[in-house]
Amino acid sequence: MVIAHITDTHIPGAGEATHTDAEPATNLVRVLQHASQRCAGILITGDCAAVAGTDSEYAAFAEIVRAATVPVWLAPGNHDDARKMQRLFDVPSRDSRCDYIVELPATRLIVLDSTREGREDGALSGSQLEWLDSQLNDTPAVVAMHHPCIPLGGKAFDTIRLDDESIAGLRHVVSAAVGRGVRIHALVSGHAHMTCFAEFAGVKTIIAPSSAYEFGLVNGVFSYQLGEPQYMEYSWKESGDDFLARVVTVDDSLWRTMR
Ligand SMILES: [Fe+2]
């Protein structure tokens, strides 16, 4: 079983500005084409829209995503409008949040809506954490949301990840699940525009690369760099064993990873 994880596509509306020389729409077209050839489905963990989840941004995003030949599962990010995404893209919801499960062979993809309206940082409510706890069972899981739960280094990022209370609650739920033998393949997110791996409550966490541009510092000043678009590929056996996470760079449409 192979799925793709794309994030932070940041698609602008038609004719609207984006970062200088960035081509988020072209990048998303390339990533979707590449991933669709190998993956059974594609997860996009938010910031689908460039800035504010406007109708024109979602019209441009929809136009591109419509071409995907496999199912696409969406989670909202801080630059999205979660309610609008539910309406426009039929994103499943629970208590009006985009929380849902995708049942895959030998694995449940558990998608959580970590956004809070009008804010850059993220949160999970007590009800969401309770629901997550109830969904972690005998079947291995991948838990996905926009906001990371790990420190990223630097005040700029660490003030806009999940808030401290949510991190503490998530840590409690995840460590309890691990303690009762639940297999969580990974907690996966986006938001940082950097590819990062860390451990959280006994589980690996993965921050996928943005398909649009990477964030970093130039001479100490917050900046971005362009490059070939990237995404994460997750695979596992039909028994649920041998979960593998890999960064895929779309530099040649003929290039295929080995497995
Ligand atoms: Fe974000």
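Every number for a ligand or one of its atoms is a count from 1 in the order of the listing. What you see is a predicted model; the values in this text were computed from it and never measured.
Between S114 and the options H147, R161, H146, a side chain to side chain donor-acceptor pair (under 3.5 Å) holds for only H147.
With rounding to the nearest 0.5 Å, the separation of CG in L28 from NE2 in H10 is 12.0 Å.
Ring centroids of Y213 and H193 are separated by less than 6.0 Å, placing the two rings close together. The aromatic ring centroids of Y231 and H5 lie 6.0 Å or more from each other.
Distances from the Fe ion (ligand 1) to each N, O or S atom of D47 single out OD2 as the nearest. Note on H191: its N/O/S atom closest to the Fe ion (ligand 1) is ND1. Of all N/O/S atoms in H146, NE2 sits nearest the Fe ion (ligand 1).
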